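The block underneath contains the structure these notes are about, expressed in structure tokens.
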Amino acid sequence: MDEASVAGRGLSPRLWLAGGWLLLALLAAIFAPLIAPQDPLAQDLMLERLPPFWLDGAEPGYWLGTDSLGRDLLSRLIFGGRIAFIVAFAAATSACLLGSALGLIAGYFGGWPDRIISRIVDVWMAFPPVLFAILLVAVLGTGLSSVILAIAIIDWTRFCRVIRAEAMSQARMDYVESARIAGYGRMGIMLREVLPNVLPSVVALLSLEMGIAVIVEAILSFVNLSISTDDPTWGSIIAEGRLSIHQAWWVLVFPLITLILTVLSFSQFGEALKARFDPVLR
Amino acid sequence: MSACLDIRRLSAVLPNGQRVLRSVSLAVQPGEVSALVGESGAGKTMIGKAVLGVLPKSVRIVEGEMLIEGEDLGRLDPKARRTLIGARTALIPQDPLTALNPSRRIGTQMTDRLVRILGWSGERADQRIRQLLDEVQIRDPERVLKSYPHELSGGMRQRVLIAAAFAAEPRLIVADEPTTALDVTVQKQILRLIAQLQRDHGTAILFVTHDLGVVAKISQKVSVLYAGKVVEEAETEALFAAPQHPYTRALMAATPRYTDPYASLKPVDESVLAGLAVEIAAADKDWRPGHG
Ligand SMILES: Nc1ncnc2c1ncn2[C@@H]1O[C@H](COP(=O)(O)OP(=O)(O)OP(=O)(O)O)[C@@H](O)[C@H]1O
Ligand SMILES: [Mg+2]
């Protein structure tokens, strides 16, 4: 109750910390051309493997150092955030819409719609997700839209399973029965009585899924299956950093920290939002 | 004048063939409170759900008719049946917490039905709701209308549900143990309110309870239910003056008197239960679905 009431008053530190980091990263990504200190693609062999600013040999203007081609790491991270956020929002929203809609229908209507949808989910979940993603991108071809599509196609089941279970328990509630007695149609009851009660979970899952999408995109670029252009992505920077770990650890460490912070923030932000949305905890 | 609710030889079975309702017949006249009394599991809620068209999927009606103001529910197509039930009936449920949607404000929940189902204007619905909140003696309607259910006490929630039930002027209300979930002091107030509104609006009520004390206070007629079978049916006064069935007498003996709240419930006598078992077995032996 204490935790809930703190969250309720909007003082929850995790909401602020997670939200703050996400906002910072998002703004940096949006305004990347204005903010980035260097051109993220500019190579300069004179500047290769510069260390971050607090170490000997650092150059002003290259805060987090440079990679083995002399490209500024901070600028590459900022520009890489663009793709990370585009993928996060587009893929998670698509997965959410598809999965939540099917979950709502399966859970509330039950019967044969539920049997069909649940069977599809079972089959879907039998595939290991990362392999599934690699397979899909191999089929769909590389590129931003196929990465987004692949994540949505794989991950809608997360939404479907959770929302189905919640809609099922909602369907047994007395207020749903009262609505039926009053003469509401099934669709109306689903949208008016059931949906508002599963919404907090949808929001939490959506935020979590954005974090997952960021990871999946990073994994795909790590194995060189994501965006085929030269645009930096967090995953491709990590892949490059791994090769020069002994000469320039920062090229691996900073993108990893960025990635982990972002993914953690998405999941924490979702949980905190859920606590705020929940009328009983509010 | 036809009865407000007329149930004739209603039988229902579970998927395993077990009967949950055994040729139940009962009638509620317009403006009358008719009590349905029986111990837990007797099938009281089942009867209410059957009338309101919300039986669980596993329960199947195998014979009998239900008429609301002379209209046979079984002869209507599902849509017409829903419309009829929606327009003429309402439910006052047992648990006032789960009967309200936790994520919608009281005001929206109450007006919604009048506006969307009955097609009233928002203003008319709002006025109507306020009038009803006044009738159930809610003194601060503004706050209540803006509240979420969990922000109100159990008694307040039940008042809201009573107001909501009467708002659309139904002909028949099914009240399913409307005071069981409340504490004793609140129970009496809520009971008085229901009786008051029932008189003012002239609404017929099928009042489900397991408490004969409540029956004596609120109803004009009683049906005593045991294992899905009506074992006795009488005017309330007559029933209390001269209970005919041994089970009714046992129930009365088991009901603690109000003067002595600590009196313990006496269990129903073995011989009475044995008699009931014989009666039920006899009813089931003669019974064939469709020929009852
Ligand atoms: N969903 C269901 N599916 C199958 N059987 C059920 C279901 N709900 C109740 N029953 C059974 O039907 C019978 C009647 O139950 P009902 O709920 O009508 O009793 P009741 O008289 O309302 O009891 P209580 O006083 O406890 O509310 C019981 O034997 C019960 O086990
Ligand atoms: Mg009951």
Side-chain angles (χ1 to χ4, degrees), chain A residues 1 4-5 7-9 100 104 106-115 162-163 166-205 273-282, chain B residues 45 48-58 78-106 108-110 112-119 147-151 157 160-161 164-165 167-168 170 172-174 176 181:
Chain A
M1 192 64 223
S5 55
R9 268 179 264 133
S100 303
L104 205 55
Y108 176 63
F109 283 87
W112 62 263
D114 181 33
R115 280 197 293 280
V162 174
I163 301 308
E166 295 211 353
M168 255 175 142
S169 68
Q170 285 292 317
R172 286 192 293 266
M173 292 292 171
D174 288 351
Y175 47 83
V176 167
E177 189 175 277
S178 295
R180 275 177 67 199
I181 295 168
Y184 284 98
R186 300 199 129 228
M187 217 51 189
I189 293 177
M190 190 174 84
L191 298 179
R192 229 181 296 280
E193 307 287 340
V194 176
L195 182 59
N197 289 297
V198 303
L199 220 46
S201 296
V202 172
V203 170
L205 278 177
L273 269 190
K274 178 177 179 175
R276 285 202 76 162
F277 265 76
D278 198 316
V280 183
L281 300 177
R282 182 164 41 206
Chain B
T45 298
K49 285 188 192 235
V51 170
L52 299 171
V54 288
L55 275 179
K57 281 198 190 105
S58 54
K79 192 153 180 285
R81 186 160 59 226
R82 281 258 73 93
T83 312
L84 181 83
I85 291 172
R88 310 235 182 127
T89 72
L91 172 71
I92 302 177
Q94 173 168 352
D95 185 347
L97 183 55
T98 57
L100 289 164
N101 192 326
S103 60
R104 304 177 70 203
R105 290 178 200 278
I106 300 290
T108 344
Q109 298 193 43
M110 291 183 78
D112 203 87
R113 176 184 174 198
L114 301 180
V115 174
R116 285 191 196 272
I117 304 284
L118 304 177
S147 303
Y148 287 93
H150 67 275
E151 294 167 340
R157 285 194 282 259
V160 164
L161 285 164
L172 171 77
I173 287 179
V174 176
D176 192 351

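Proteins come first, then strands; the chains are lettered A, B, ... in the order of their sequence lines, and each starts at number 1. Small disclaimer: the values here were computed from a predicted structure and weren't measured.
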Separation between CG of B:Leu100 and CE of A:Met173, rounded to the nearest 0.5 Å
12.5 Å
To the nearest 0.5 angstrom, please state how far the CD atom of A:Gln170 sits from the CG atom of B:Asn101.
7.0 Å
With no hydrogens and no angle check, is any side-chain donor or acceptor of A:Tyr184 less than 3.5 Å from a backbone partner on B:Ile117?
no
Go through the atoms of B:Thr98 and report whether side chain, backbone, both or neither lie under 4.5 Å from a heavy atom of chain A.
both
Interface check, chain B: of A:Glu177, A:Glu193, A:Arg192, most non-hydrogen pairs under 4.5 Å belong to A:Arg192
Contact part of B:Lys49 toward chain A, heavy-atom cut-off under 4.5 Å: side chain, backbone, both or neither?
side chain
Taking all atoms of both residues into account, what is the closest heavy-atom pair of A:Asp174 and B:Ala99, and its distance?
CB-CA, 3.7 Å
Under 3.5 Å, is there a donor-acceptor pair between the side chain of B:Arg82 and the main chain of A:Arg180?
yes
Got a second to check how far B:Asp95's CG is from A:Tyr175's OH, nearest 0.5 Å?
11.5 Å
